[in-house]
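Indexing begins at 1, ligand by ligand and atom by atom, following the structure's order. Here the structure is a predicted model, which is why all the values come from computation and not from measurement.
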Amino acid sequence: MSTKKGKIGVLTSGGDAPGMNAAIRAVVRTGITRGYDVYGIRRGYNGILHREMDLLTFKDVSEKLQHGGTFLFTARSAEFREIEGKKKAAEICKEMGIETLIVIGGDGSFTGAKNLSKFGVNIIGIPGTIDLDIAYTDYTIGFDTAVNTAMEAIDRLRETSNSHERCSVVEVMGRSAGYIALWCGIANGAEEILLPEKFDNNYDALLEQIHKNRELGMTHQIVVNAEGVGHSDELAKKIEDATGIETRATILGHLQRGGSPTARDRFYASMMGAYAVDVIDQGRKNRLIGYKNGKLYDVDVDEAFAMTKSIDEYEYEIARVLGTRE
Ligand SMILES: Nc1ncnc2c1ncn2[C@@H]1O[C@H](COP(=O)(O)OP(=O)(O)OP(=O)(O)O)[C@@H](O)[C@H]1O
Ligand SMILES: O=P(O)(O)OC[C@H]1O[C@](O)(CO)[C@@H](O)[C@@H]1O
Ligand SMILES: [Mg+2]
């Protein structure tokens, strides 16, 4: 059954992020309220290619808001990366009558969406990634929950580290983005932070600083290491060998992606989901939804891709000022 305003498809793609469910719920409920049929597509872009989609009702999205993960499932689709995959996806969207596709995902998912738009599918992107690595927006769904999860874990590590007078290397997620590491660096008062965007592989300087800190009376130290720098076990061994300080490595891994979303993630995911539908309703095409300077906004997908973002120099400097001893 189709209403006069047409069909919207919604999918989640890339790594799951807490708050994705809240965004889907908002898309469905706002979509229905504004007069659209909303189809939930399962398993990211694979779900288009395999026609895995169902019409969603108000009731279908009950009891989802408070849960992490994504009830639509997610995937990293190799087939969709190929031109043929995108062509096929566009044909299926047309055949199913899906005029607009709402993609909730990260930078990779948005690259896919941008490319799909060139085949005539109207795409709207909602930033959903714990990595916070999308240039046009200050906020991405899931980052707040993930960074709070990592922060709590590091607080716990600090207690055991302190009791044993050890050094702790803790690896947080971010293969090419250091935002979780930067935020934990400041929020946990880490003595050292290693970010993929910044670390110059000068291990000698790092080891010297750790040694100096101990001489200055620091009984324990936390080194927050981003996944993109990695090799945490090796680093722990290097520290122990070079400084004599007993050192342990902890890789927080995928536990940072799970968990009930924070109020902030629920709130902005809900607002972005609703806003995405209203952008469609107002006839704007191929837009990405963002949050900047305290406001929701939407930007043309090609314009958004021309923007770049890097670690804020001042935040990075202060993280180091606050963590380093004399
Ligand atoms: N260049 C591309 N062309 C077409 N599709 C792409 C491209 N890059 C990524 N995608 C699609 O988007 C999916 C998700 O991308 P990716 O694995 O980079 O995650 P993401 O969306 O950046 O999320 P996160 O980084 O939070 O895990 C890919 O598996 C692929 O299907
Ligand atoms: O779940 P996967 O495929 O191991 O991906 C891990 C990657 O996904 C992210 O968690 C983002 O979703 C990155 O920080 C990390 O590098
Ligand atoms: Mg990404």
Begin from the C-alpha positions of L55 and T57 and carry the test side chain to side chain contact (heavy atoms under 4.5 Å, CB included) through to its verdict. CA-CA 7 Å; L55 183 63; T57 65; 5.8 Å; no

Does an N or O from [X], backbone or side chain, lie closer than 3.5 Å to an N or O of ligand 1?
X: G108; answer: yes
X: Y45; answer: no
X: S109; answer: yes
X: G106; answer: yes
X: G105; answer: no

Could you see which bit of I180 sits under 4.0 Å from ligand 2, with heavy atoms only: side chain, backbone, both or neither? neither

May I ask you to identify, for R76, whether its side chain, its backbone, both or neither come under 4.0 Å of ligand 2 on a heavy-atom basis? side chain

Please state whether K86 comes within less than 4.0 angstrom of ligand 1, counting heavy atoms only. yes

Closest protein heavy atom (residue, atom, distance) for [atom]:
atom: atom 25 (O) of ligand 1; result: D131 OD2, 3.7 Å
atom: atom 14 (O) of ligand 2; result: D131 OD1, 2.7 Å
atom: atom 28 (C) of ligand 1; result: S77 N, 3.9 Å
atom: atom 22 (O) of ligand 1; result: D107 OD1, 2.5 Å
atom: atom 5 (N) of ligand 1; result: G112 CA, 3.4 Å
atom: atom 7 (C) of ligand 2; result: R175 NH2, 3.5 Å
atom: atom 16 (P) of ligand 1; result: R76 NH1, 3.6 Å
atom: atom 26 (O) of ligand 1; result: T129 OG1, 2.6 Å

Is H254 in contact with ligand 2, taking contact as a heavy-atom separation below 4.0 Å? yes

For ligand 2, is there an atom lying under 4.0 Å from some heavy atom of G174? yes

Would you please test Y139 and D265 for side chain to side chain donor-acceptor pair (under 3.5 Å) and show each step? CA-CA 9 Å; Y139 166 82; D265 276 331; 2.7 Å; yes

Number the atoms of ligand 1 from 1 as they appear, then name those within less than 4.0 Å of a heavy atom of N115, with their elements. 3 (N)

Under 4.0 Å from a heavy atom of T111: which atoms of ligand 1 are those, numbered in the order shown and with their elements? 1 (N), 2 (C)

Could you tell me whether any N, O or S atom belonging to D107 is less than 2.8 Å from the Mg ion (ligand 3)? yes

Mind checking the CG-CD1 spacing from L11 to I98? Nearest 0.5 Å is all I need. 9.0 Å

Gap between atom CZ of R25 and atom NE2 of H67 - 0.5 Å precision: 11.5 Å

List ligand 2 atoms under 4.0 Å from E227, heavy atoms only on the residue side. 14 (O), 15 (C), 16 (O)

Tell me the nearest of G174, S13, G15 to atom 27 (O) of ligand 1, using heavy-atom distances. G15

Does NZ or CZ of K86 fall inside the cone over F119's six-membered ring, less than 6.0 Å from its centre and within 45° of the axis? no

Given the ring of F73, does R42 sit roughly above its face, with NZ or CZ under 6.0 Å from the centre of the six-membered ring and within 45° of the axis? no

Quick one about S62 and R29 (side-chain donor to acceptor, distance below 3.5 Å, no hydrogens or angles considered), yes or no? yes

What part of D133 sits under 4.0 Å from ligand 1 if we count only heavy atoms: the side chain, the backbone, both or neither? neither

Looking at I222, is its backbone amide N or carbonyl O close enough to the side chain of S168 to form a donor-acceptor pair, meaning the two atoms are under 3.5 Å apart? no

Residues [X], [Y]: salt bridge by 4.0 Å N-O rule:
X: D302; Y: K118; answer: yes
X: E313; Y: K198; answer: yes
X: D278; Y: R34; answer: yes

Given the rule in the ring-ring contact (aromatic ring centres under 6.0 Å, His included) test, do Y291 and Y268 qualify, once you have shown the distances and angles that lead to the verdict? CA-CA 9 Å; Y291 184 81; Y268 287 113; 4.5 Å; yes

